[in-house]
Amino acid sequence: MTDKSTQPRVLIFDTTLRDGEQSPGATMTHEEKLEIAGLLDDMGVDIIEAGFPIASEGDFAAVSEIAKRARNSTICGLARANYKDIDRCWEAVKHARSPRIHTFIGTSPLHRAIPNLDMDQMAERIHDTVTHARNLCDNVQWSPMDATRTEADYLCRVVEIAIKAGATTINIPDTVGYTYPFESAKIIRMLLERVPGADTITFATHCHNDLGMATANALAAVEAGARQIECTINGLGERAGNTALEEVVMAMKVRNDILPYRTGIDTTKIMNLSRRVSTVSGFPVQFNKAIVGKNAFLHESGIHQDGVLKNVETFEIMRPEDIGLTQKNIAMGKHSGRAALRAKLKELGYDLADNQLNDVFVRFKALADRKKEVYDDDILALVADEQTNDAHDILVLKKLRVICGTEGPQEADMVLSIDGVDHHIDATGDGPVDAAFNCIKMLFPHKARLQVYQVAAVTEGTDAQATVSVRLEEDGRIVTGQSADTDTIVASVKAYVNALNRLIVRRQKSAPGDDVKQVNYRDAG
Ligand code: KIV
Ligand code: ZN
């Protein structure tokens, strides 16, 4: 048995709430951000990048509150290379038991051209801003954005300046996911060899997944000497996303023979976090996603099933329990009581308050009446759906009937409550979903455009629940809504209504151009 306590410790820096949330449509509410931060803190994440405080009042409030509540993790905020950003960031993170300021500027030729700074002017800006941050906070992280496309000599020069100005962590971002693992390692090795003072700070690796190499690049950087990995749950993030936390952590655990590093992560909490992030961000996890995908531990072929039954190690390199995936998929039915549901929810990682449990129980009973067997995935979909409802929702679906079939036109008849008042309408459409969405548009006119409409079955069988994801865009604001129901059309309408409720909150909280998605933080002006 390996003694892991002597292995080098790799810090896990989670940026789900900052880089992950920047993914179009992944915007989370204030309460959702606090919940996710609490789960990350409990899971043993070393540093939580909680947001970009200058981007909006909402981001500032979330980072401040997360900083106040964190029990174990260091709380970090992002700031561009200017004093105003850095001051605002400090105002938000200073409440933390352990605060960190993360400031950055694009150093590659392409990025230097944006603020129109030459190499010397940029070097001076880096010196001044890192010094300013360090005067406020003992824990300062500096990132040369697009580091992997920055000239080697210039990268060494600016890293040295940042270290001399007081940066305690130097992060090397592969901003556009361009690097190959060999290069990722080479850059870290070069910096460790060439930069004076490199041995006094921690190097971090921050990879994007545009070429599907984020995990490999992060691990290659660790082998070369990086001791902090920046990542997100489910690999959430702009474009193809960031390094997935669950992948790097489990790779170091499962292949500890060749990756002899330890982290402080309680891996049994991974699955619950993955589900919550998927629900609140509105980004479903692809079925064949490594570690947390629905099929990651599913053995379909006869040969595999036979092998796994005889000896699980024939086809499984890790145990489902290692990531908190319960193997006891006991079917629950209409005779199961409240206590059984509570026990099942606990087993699935949910400790609901009594009032929440009551609501879920009512829905569970209704589901059990409609469905022969209720599986873990059904219950998880139900809890997730319950958690998308908010007592403050302006729009609530009260009633829906649709007529569909081979003879058109398809028709929907709906009662929608708007601000507490019930409104009734019927409409036709090109199919039942279109007819139902037309009812919503007539009762609550809006100019949001439907960008994504996605349906997935939760379990097998024609009585399975459907989960529906809807993404809307209005004036650059992108929101996602989700819902689950055994009736696909009902789930679709509830997901649309959920997205609209989120849009209403976004409209109230920010004028167009005033929120995190709108701020071009890459402009270091
Ligand atoms: O990808 C990137 O370069 C970033 C920086 C802000 C660190 O997210
Ligand atoms: Zn990034």
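Just so you know, ligand 1 is whichever comes first in the structure, and atom 1 is the first atom listed for that ligand. Predicted model only: the values in this text are computed from it and were never measured. In this chain, numbering begins with 1 at the start of the sequence shown.
Counting the atoms of ligand 1 from 1 in the order shown, those under 4.0 Å from a heavy atom of Met145 are 3 (O). Less than 4.0 angstrom separates some heavy atom of His206 from each of these atoms of ligand 1: 1 (O), 2 (C), 4 (C), 8 (O). The distance from ligand 1 to the heavy atoms of His208 drops below 4.0 Å at these ligand atoms: 1 (O). Heavy-atom contacts of Asp19 reach the following atoms of ligand 1: 8 (O) (cutoff under 4.0 Å).
Considering backbone and side-chain N/O of Thr175, one or more are found under 3.5 Å from N/O of ligand 1. For Arg18, a nitrogen or oxygen atom sits less than 3.5 Å from a nitrogen or oxygen atom of ligand 1, counting backbone and side chain alike.
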**Request:** Kindly indicate, with the supporting measurements, whether the criterion side-chain hydrogen bond (donor to acceptor under 3.5 Å, both in side chains) is fulfilled by His102 and Glu49.
**Result:** CA-CA 9 Å; His102 175 195; Glu49 187 162 50; 2.7 Å; yes
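Thr148 and Asp174 are linked by a side-chain donor-acceptor pair at a separation below 3.5 angstrom, with hydrogens and angles left out of the test.
Closest of all the heavy-atom pairs between Pro109 and Thr150 is CD-CA, 4.5 Å. Considering all non-hydrogen atoms of both residues, Val285 and Ser274 come closest at CG2-OG, 4.0 Å.
Under a cutoff of 6.0 Å and an axis angle of 45°, Arg80 and Phe52 do not form a cation-pi pair.
No more than 12 heavy atoms of other residues, nucleotides or ligands shown are found within 6.0 angstrom of OH on Tyr178. Within 6.0 Å of NZ in Lys186 there are 12 or fewer heavy atoms belonging to other residues, nucleotides or ligands.
The angle that His208 NE2 and His206 NE2 make at the Zn ion (ligand 2), rounded to 10°, works out to 100°.
Checking Asp19 against the Zn ion (ligand 2), an N/O/S atom falls under the 2.8 Å cut-off.
Within the structure, the closest approach of Gln22 to ligand 1 does not fall below 4.0 Å when heavy atoms are considered.
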